[in-house]
K.L.:
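One structure follows; several queries about it will come next.
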2 protein chains.
Amino acid sequence: MAQQSCPYQCPVEAAFDFIGGKWKALIIWHIGKSSRRYSEIKQKLPKISPHILSRQLKMLEDNGLILRKQHEGIPPRVEYTLTAAGLGLLPILDLTCDWAIAHYPEHIPKGFFKQPPGS
Amino acid sequence: MAQQSCPYQCPVEAAFDFIGGKWKALIIWHIGKSSRRYSEIKQKLPKISPHILSRQLKMLEDNGLILRKQHEGIPPRVEYTLTAAGLGLLPILDLTCDWAIAHYPEHIPKGFFKQPPGS
DNA sequence: CGGAATCCTCGAGGATACTG
DNA sequence: CAGTATCCTCGAGGATTCCG
C-alpha cells in the first residue's frame with residue numbers, strides 16, 4: 001500500500017489545506033445550497049481569472065467538496081453543487097462571516113448585507 | 001484620511017485573510033484559552049521555523065487576534081494570549097476540527113484525540 | 001529565551017490569448 | 001459557455017546564522 005500521506009498533525013491543519021487559500025472558501029460560500037454555473041460563480045467573483053477559477057473548482061472537486069455536472073449540448077452547460085462535505089462547511093462559513101462582522105466591522109464593505117447561506 | 005483599504009467583497013474573504021495561510025489558525029488553536037510562551041508554541045508546531053513563528057505571531061498581534069506580554073528579566077519570557085477576537089474564533093475552529101474528522105477521517109493522524117479548545 | 005537579519009525557494013495566483 | 005495553454009509575478013514560507 002502507498003503511504004497514507006497524512007502530513008497533518010491536527011484536523012484543523014487538514015481543513016485549512018482544503019479550504020484555505022484566496023478563493024476556495026468564497027467559491028463554496030457562493031455556491032451554497034444551490035446549483036451554480038461557471039459563469040455565475042465568475043460573476044460573483046469578478047476579480048478571479050478564468051484560469052484560476054477553473055483550477056480552484058478542479059481542486060475542490062478532487063477534494064470532494066463540490067460536484068461538477070456537465071450537460072452536453074451547445075452551448076456547453078456545467079453546474080456545480082456542494083457535496084455533503086461542502087454543505088457541512090456552510091454553517092462554519094456562516095459563523096466565520098458573523099465573526100468577521102463582529103470583530104472587524106471596518107473591513108466589511110459598506111452596504112453589505114448577509115444573505116442566509118445557500119441563498 | 002487614508003484609504004479605508006477594504007478590498008473585501010465579503011466578510012468571509014476578510015476572515016480568511018486574517019486566519020488563512022499555513023500556520024495562523026493552528027497557532028490560535030494551540031494558544032486556546034490559556035497563555036503560551038513562544039517556546040511552548042514552538043514545541044506544539046515542531047515543523048515551523050523560529051523566524052516564521054515570530055512573523056506569524058507578529059501578524060496575529062497586528063491584526064488584533066493575540067496579545068503579546070513581555071516579562072523583563074533574564075532569561076526573557078514572553079506570553080501570548082488570545083484577544084476577544086481570537087477567543088471568538090475558537091468555537092469556529094472547534095467546528096472546523098469536527099468537520100474534518102467527520103468528512104476526512106483518513107487525513108486525521110492515528111491516535112488523534114480532540115481536546116476541548118483552550119485546554 | 002525569544003527572537004532579528006539575510007537570503008532563497010517554490011508554487012499559488014495572475015495576465016493574456018486561444019478553443020471545442 | 002466554459003473552459004485550455006503559456007508564461008509570469010510575487011510573496012508566503014523556509015534555512016541558516018547571529019544577537020540582547
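Per chain, numbering begins at 1; letters A, B, ... match sequence-line order. Computed over heavy atoms, backbone and side chain alike; hydrogens, waters and symmetry mates excluded.
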K.L.:
Near DNA chain D, which residues from residues 16-23 of chain A have a heavy atom under 4.0 Å away?
P.N.:
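Residues of residues 16-23 of chain A that come under 4.0 Å of DNA chain D do not exist, since none gets that close.
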K.L.:
For C:dG2 and B:R37 - does any side-chain N or O of the residue sit under 4.0 Å from the phosphate oxygens OP1/OP2?
P.N.:
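Yes, within the criterion.
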K.L.:
OP1, OP2 of C:dT16 versus side-chain N and O of A:S49: anything below 4.0 Å?
P.N.:
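So the side chain of A:S49 is outside the cut-off, no N or O lying under 4.0 Å from OP1 or OP2 of C:dT16.
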K.L.:
Under 4.0 Å, heavy atoms only, any strand: does A:R55 hit a base, just the sugar-phosphate, or nothing?
P.N.:
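If one applies the 4.0 Å heavy-atom cut-off, A:R55 turns out to touch a base.
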K.L.:
Does B:L67 reach the side chain of B:E61, with side-chain heavy atoms less than 4.5 Å apart?
P.N.:
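The answer is no; the side chains never approach within 4.5 Å.
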K.L.:
When all nucleic acid strands are considered with a 4.0 Å heavy-atom cut-off, which category describes A:Q56: base, sugar-phosphate, or nothing?
P.N.:
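Sugar-phosphate, no base atom in range.
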K.L.:
Charged N to carboxylate O under 4.0 angstrom, A:K42 versus A:E40?
P.N.:
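No, A:K42 and A:E40 are not salt-bridged.
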K.L.:
Which nucleotide span of DNA chain D, 5' end to 3' end, has atoms closer than 4.0 Å to non-hydrogen atoms of chain A?
P.N.:
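The protein-touched segment is D:dC1 to D:dT6.
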K.L.:
Is A:T83 reaching over with its side chain to a backbone N or O of A:L65, donor-acceptor style, under 3.5 angstrom?
P.N.:
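Such a contact is found between A:T83 side chain and A:L65 backbone.
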K.L.:
Rounding to a whole Å, what distance do you find between B:E40:CD and C:dG3:C1'?
P.N.:
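Spelled out: CD on B:E40 to C1' on C:dG3 is 16 Å.
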K.L.:
On DNA chain D, check which nucleotide each of A:P75 and B:K24 is closest to and give me the residue with the more 5' one.
P.N.:
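The residue mapped nearer the 5' terminus is A:P75.
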K.L.:
Should A:K33 and A:L90 count as side-chain neighbours, where that means a heavy-atom distance under 4.5 Å?
P.N.:
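Yes - at least one pair of side-chain heavy atoms lies under 4.5 Å apart.
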K.L.:
Can you check whether B:L95 reaches A:P91 side chain to side chain, under 4.5 Å on heavy atoms?
P.N.:
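When only atoms from C-beta onward are counted, A:P91 and B:L95 do not touch, as no gap falls below 4.5 Å.
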K.L.:
If I take atom NZ in residue B:K58 and atom P in nucleotide C:dA5, what distance separates them, rounded to the nearest angstrom?
P.N.:
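Rounding to the nearest Å, NZ of B:K58 and P of C:dA5 are 12 Å apart.
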K.L.:
Can we say B:K22 and A:D17 salt-bridge, meaning some charged N sits less than 4.0 Å from an Asp/Glu carboxylate O?
P.N.:
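Salt bridge between B:K22 and A:D17, a charged N being under 4.0 Å from a carboxylate O: no.
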K.L.:
In whole angstrom, what separates B:E72's CD from C:dC1's P?
P.N.:
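Spelled out: CD on B:E72 to P on C:dC1 is 17 Å.
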K.L.:
Rounded off to whole Å, could you give me the CD1-to-P distance for the B:I41 and C:dG2 pair?
P.N.:
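B:I41 atom CD1 is separated from C:dG2 atom P by 9 Å.
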K.L.:
Would you say the side-chain atoms of A:W99 pair up with the backbone N or O of B:A85, donor to acceptor, closer than 3.5 Å?
P.N.:
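The answer is yes, because a donor-acceptor pair under 3.5 Å joins these two groups.
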K.L.:
Closer than 3.5 angstrom, by distance alone: can the side chain of B:Y80 be matched with the main-chain N or O of B:I27 as a donor-acceptor pair?
P.N.:
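No, because the side chain of B:Y80 does not come within donor-acceptor range (under 3.5 Å) of the backbone of B:I27.
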K.L.:
Parallel, tilted or perpendicular: which one describes the rings of A:F18 and B:Y104, with boundaries at 30° and 60°?
P.N.:
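The rings of A:F18 and B:Y104 sit tilted, inter-plane angle from 30° to 60°.
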K.L.:
What is the distance from CD of B:Q70 to P of C:dG2, rounded to the nearest Å?
P.N.:
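Taking atom P of C:dG2 as the reference, CD of B:Q70 is at 10 Å.
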K.L.:
Quick one: on DNA chain C, does A:K47 or B:H51 contact a more 5' nucleotide (nearest heavy atom)?
P.N.:
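Mapping each residue to its closest nucleotide by heavy atoms, the 5'-most match is B:H51.
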